[in-house]
Colleague: 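Below is the structure I would like to discuss, written out as structure tokens.
This chain uses plain numbering: 1 for the first residue, then up along the sequence.
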Amino acid sequence: MTFPLIDETHDPCLESWVESARNHPDFPVQNLPYGIFSHGNGRRRLGTAIGNFILDLSAIADYLPIDQDVLRGISLNELFSLSANDRTVLRGALSKLLCDAGNKDAISVHLYPSDACELHLPATIGDYTDFYVGIHHATNIGRLFRPENPLLPNYKYVPIGYHGRASSIRPSGLPVRRPTGQQKSSDADAPVFGPSTRLDYELELGVWIGRGNEPGEIIPISEAQDHIAGFCLLNDWSARDFQAWEYVPLGPFLAKNFHSTISPWVITAEALAPFRMAQPVRPADDPQPLPYLWDEEDQAKGALAIELEVYLTSAAMREAGLEPQRLSSGPAANMYWTAQQMVTHHASNGCNLSPGDLLGTGTISAPTSDGFGSLIELSKGGKEMIQLPTGEQRAFLKDGDEVRFKAVARAEGFVPIGFGECRAIIEPAR
Ligand code: MN
């Protein structure tokens, strides 16, 4: 397995001539994420975030050592299908353009203020698969649904997942309409149909698939990293009342597929090179992964040093000018399986993955409540209320609530890089 290497683009001393990039919490020149943006009524274009600006890569394609059609498209699918080497070369060239002040006159005319731009889905998502690798979430939720038997026996052998719905994945900022559906309370004889009363968020990382595999071909664990183009934040909104009623025997369906929010910038695997870390060691009495999921280098470098945070504001909090309330924070390394193990397992039966497919990690939680990645965990299944500074209380989301995720990758000796916005407001049911 060859993870992207640390090179001159990660040098903490690098400074861009785009001044707002210096010490930018998300987009210093060491990040260089890819996305699809539009400015005013203009067409969709491929860009990179640099400080408070977006650089139009379609307009500077002549300066970049890459097939120009890749940069002039309206999605990142072709860019995702590039080889790891081509992606590294592109990143190196971009870094030089943005750091060498000699390029400023030619390039700066193609910068747009980010707050005057709209960000779109970065890729045409052919397929979306949601995993369940946050072991603390799986344990916490399992305990609510099956108190004596929280983790089923397959969990420590199989990276559990289900096929989700790609059509309802939307970029940050678009409001979430409260879904309607069947729900049955435990003391009722029959379900009713109506707006969800247990609407929740799920804190996840999204994994963007780069190069795909042919039908019938597997992706060996030693090559899985080559098939991952980058990462985003993913809020897999969930209607817990629908979920509890519908999930037996085939798993999640309408509780999960009404809307998922992603952060629209793709944080590349190359940008994350300095933030690789060892996969947490399994407890001594846990089974070892089967050989097709085991790779020494994946165990040594397969996890990522990313800090995740969840913030909530109610409509009343925003009206009163109050700061968002932080609900949780925790490391993304709280995953029982690596992203590479997810990819290899997904293709292990010959299922073909394609550039622009999206994998969700599943909710990333922590052993303690300060890192719980969903309200159903924080409120212990709706029994304990969360206090907001207005005196309001929450067990699940109310209309007007805004949920915002943040993620920052950090490592000693390197400039931290952020993931940008992943937020949405709940709108009333229709
Ligand atoms: Mn999920």
Side-chain angles (χ1 to χ4, degrees), residues 25-26 130 132-141 143-144 172-173 175-176 178 196-206 232-241 243 255-256 259-263 306-335 360-410 418-427:
D26 286 322
D130 200 19
Y132 197 50
V133 307
I135 187 168
H136 304 298
H137 174 77
T139 308
N140 294 336
I141 289 276
R143 199 171 283 131
L144 293 170
S172 175
V176 175
R178 179 179 297 275
S196 172
T197 60
R198 289 162 73 88
L199 183 58
D200 200 353
Y201 60 82
E202 290 195 329
L203 173 63
E204 306 194 18
L205 279 183
C232 63
L233 280 164
L234 168 65
N235 186 339
D236 185 28
W237 304 96
S238 298
R240 301 299 182 193
D241 33 11
Q243 184 179 357
K256 302 278 190 171
H259 193 138
S260 305
T261 299
I262 60 169
S263 56
I306 298 172
E307 280 297 318
L308 303 168
E309 290 180 306
V310 179
Y311 291 85
L312 177 74
T313 55
S314 66
M317 285 169 68
R318 290 193 299 279
E319 215 155 276
L322 295 169
E323 289 292 306
Q325 173 152 324
R326 190 166 80 172
L327 297 183
S328 71
S329 67
N334 274 330
M335 301 187 352
T361 56
T363 308
I364 302 175
S365 268
T368 50
S369 62
D370 55 347
F372 285 177
S374 64
L375 283 174
I376 193 171
E377 291 165 88
L378 285 167
S379 70
K380 308 235 171 4
K383 289 194 207 72
E384 286 180 21
M385 300 303 263
I386 294 150
Q387 305 295 325
L388 300 182
T390 44
E392 298 170 285
Q393 296 185 318
R394 290 290 183 277
F396 292 98
L397 297 168
K398 300 278 192 206
D399 294 343
D401 286 355
E402 181 183 66
V403 178
R404 186 180 289 233
F405 294 169
K406 283 189 190 172
V408 180
R410 284 181 211 282
F419 276 54
E421 287 210 326
C422 184
R423 64 181 184 86
I425 291 183
I426 308 300
E427 281 188 343

Colleague: Over all heavy atoms of both residues, which pair between Pro367 and Asn334 is shortest? Give the atoms and the distance, please.
Modeller: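 Result for this residue pair: CD-ND2, 4.3 Å.
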Colleague: Does Arg410 use its side chain to pair, donor to acceptor, with the backbone of Glu307 at less than 3.5 Å?
Modeller: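 Judged by distance alone, no pair lies under 3.5 Å.
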Colleague: Sequence neighbours left out, what passes side-chain hydrogen bond (donor to acceptor under 3.5 Å, both in side chains) with Arg143? Give chain and number order.
Modeller: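 Once residues adjacent in sequence are excluded, Arg143 has no partner under the side-chain hydrogen bond (donor to acceptor under 3.5 Å, both in side chains) criterion.
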Colleague: Does Ser365 reach the main-chain N or O of Gly373 with its side chain, forming a donor-acceptor pair under 3.5 Å?
Modeller: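 The answer is yes, because a donor-acceptor pair under 3.5 Å joins these two groups.
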Colleague: Identify each donor-acceptor pair in which a side-chain atom of residues 324-332 lies under 3.5 Å from a protein atom, sequence neighbours left out, and give them as a table.
Modeller:
residue : atom : partner : partner atom : Å
Gln325  : NE2  : Gln387  : O            : 2.8
Arg326  : NH1  : Glu309  : OE2          : 2.7
Ser328  : OG   : Phe372  : O            : 3.1

Colleague: Return the set of residues passing salt bridge (Lys or Arg N to Asp or Glu O under 4.0 Å) with Asp399 (not counting sequence neighbours), or none when no residue passes.
Modeller: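 Residues passing salt bridge (Lys or Arg N to Asp or Glu O under 4.0 Å) with Asp399: Arg178.
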Colleague: Between Thr361 and Tyr132, is any pair of side-chain heavy atoms under 4.5 Å apart?
Modeller: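 Contact flag for Thr361/Tyr132 side chains = no.
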Colleague: Only counting residues at least two apart or in another chain, list the ones meeting side chain to side chain contact (heavy atoms under 4.5 Å, CB included) with Leu322.
Modeller: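 Applying side chain to side chain contact (heavy atoms under 4.5 Å, CB included) to Leu322 gives Met317, Ala320, Pro389, Thr390.
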Colleague: Grab the two heavy atoms, one from His136 and one from Ala366, that are nearest each other, plus how far apart they are.
Modeller: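 For His136 versus Ala366, the nearest heavy atoms are CB-O, 3.4 Å.
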Colleague: How far does CG of Leu205 sit from CG of Leu203, to the nearest 0.5 angstrom?
Modeller: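 Going from CG on Leu205 over to CG on Leu203, the span is 7.5 Å.
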Colleague: Looking at residues at least two apart in the chain, or sitting in another chain, which of them share a side chain to side chain contact (heavy atoms under 4.5 Å, CB included) with Glu421?
Modeller: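 If we apply the side chain to side chain contact (heavy atoms under 4.5 Å, CB included) test to Glu421, skipping adjacent residues, the hits are Ser172, Arg404, Arg423.
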Colleague: Can you list the residues that meet the salt bridge (Lys or Arg N to Asp or Glu O under 4.0 Å) rule with Glu377, with sequence neighbours excluded?
Modeller: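 Glu377: no salt bridge (Lys or Arg N to Asp or Glu O under 4.0 Å) contacts found.
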Colleague: Under the rule for side chain to side chain contact (heavy atoms under 4.5 Å, CB included), what residues qualify as partners of Ala407, not counting sequence neighbours?
Modeller: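 Counting only residues at least two positions away or on another chain, Ala407 forms a side chain to side chain contact (heavy atoms under 4.5 Å, CB included) with Leu233, Ile306, Leu308, Phe419.
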Colleague: Looking at residues at least two apart in the chain, or sitting in another chain, which of them share a side chain to side chain contact (heavy atoms under 4.5 Å, CB included) with Ala395?
Modeller: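 Side chain to side chain contact (heavy atoms under 4.5 Å, CB included) list for Ala395, sorted by chain: Ser379, Met385.
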Colleague: Side-chain contact test, heavy atoms from C-beta onward, threshold under 4.5 Å: evaluate it for Ser314 versus Glu319 and give yes or no.
Modeller: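 A side-chain contact is absent here, since even the closest heavy-atom pair is not under 4.5 Å.
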Colleague: Within this structure, what is the CD1-CG distance for the pair Ile426 and Leu312, rounded to the nearest 0.5 Å?
Modeller: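 CG of Leu312 is found 9.5 Å from CD1 of Ile426.
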Colleague: Can you check whether Phe405 reaches Asn235 side chain to side chain, under 4.5 Å on heavy atoms?
Modeller: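 A side-chain contact under 4.5 Å exists here.
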Colleague: Can you pull the salt bridge (charged side-chain N to carboxylate O under 4.0 Å, His left out) pairs that have at least one residue in residues 383-396, sequence neighbours excluded?
Modeller: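 Residue pairs passing salt bridge (charged side-chain N to carboxylate O under 4.0 Å, His left out), neighbours aside: Lys380-Glu384, Glu392-Arg394, Arg394-Asp401.
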Colleague: Ile364 and Glu204: side-chain contact (heavy atoms from CB on, under 4.5 Å), yes or no, with the steps?
Modeller: CA-CA 6 Å; Ile364 302 175; Glu204 306 194 18; 5.5 Å; no
Colleague: Taking C-beta and beyond as the side chain, do Trp237 and Leu397 meet within less than 4.5 Å on heavy atoms?
Modeller: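 Yes - at least one pair of side-chain heavy atoms lies under 4.5 Å apart.
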Colleague: Report yes or no: does Ser238 contribute a side-chain atom to a donor-acceptor pair with the main-chain N or O of Arg240 at less than 3.5 Å?
Modeller: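 Not a single qualifying donor-acceptor pair exists.
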Colleague: Salt bridge or not between Lys256 and Glu202? Use side-chain N to carboxylate O under 4.0 Å.
Modeller: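 Yes, this pair counts.
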Colleague: Given the rule in the side-chain contact (heavy atoms from CB on, under 4.5 Å) test, do Leu144 and Ile376 qualify, once you have shown the distances and angles that lead to the verdict?
Modeller: CA-CA 9 Å; Leu144 293 170; Ile376 193 171; 3.6 Å; yes
Colleague: Can you find a pair of side-chain heavy atoms, one from Thr261 and one from Val403, that are under 4.5 Å apart?
Modeller: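 With C-beta onward as the side chain, the pair stays apart.
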Colleague: Going by salt bridge (Lys or Arg N to Asp or Glu O under 4.0 Å), name the residues that satisfy it together with Asp241, two or more places apart in sequence or in a different chain.
Modeller: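 Here no residue qualifies.
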Colleague: For residues Leu234 and Ser260, determine if any side-chain heavy atom of one lies less than 4.5 Å from a side-chain heavy atom of the other.
Modeller: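 Yes. Closest side-chain heavy atoms under 4.5 Å.
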Colleague: Going by the rule salt bridge (Lys or Arg N to Asp or Glu O under 4.0 Å), which residues pair with Glu427 if we only count those two or more places apart in sequence or in a different chain?
Modeller: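 Result, salt bridge (Lys or Arg N to Asp or Glu O under 4.0 Å) vs Glu427: Arg177.
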Colleague: Identify the heavy atoms of Ala424 and Val176 that sit nearest to each other, and give their distance.
Modeller: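 What the structure gives for the nearest pair is CB-CG2, 3.8 Å.
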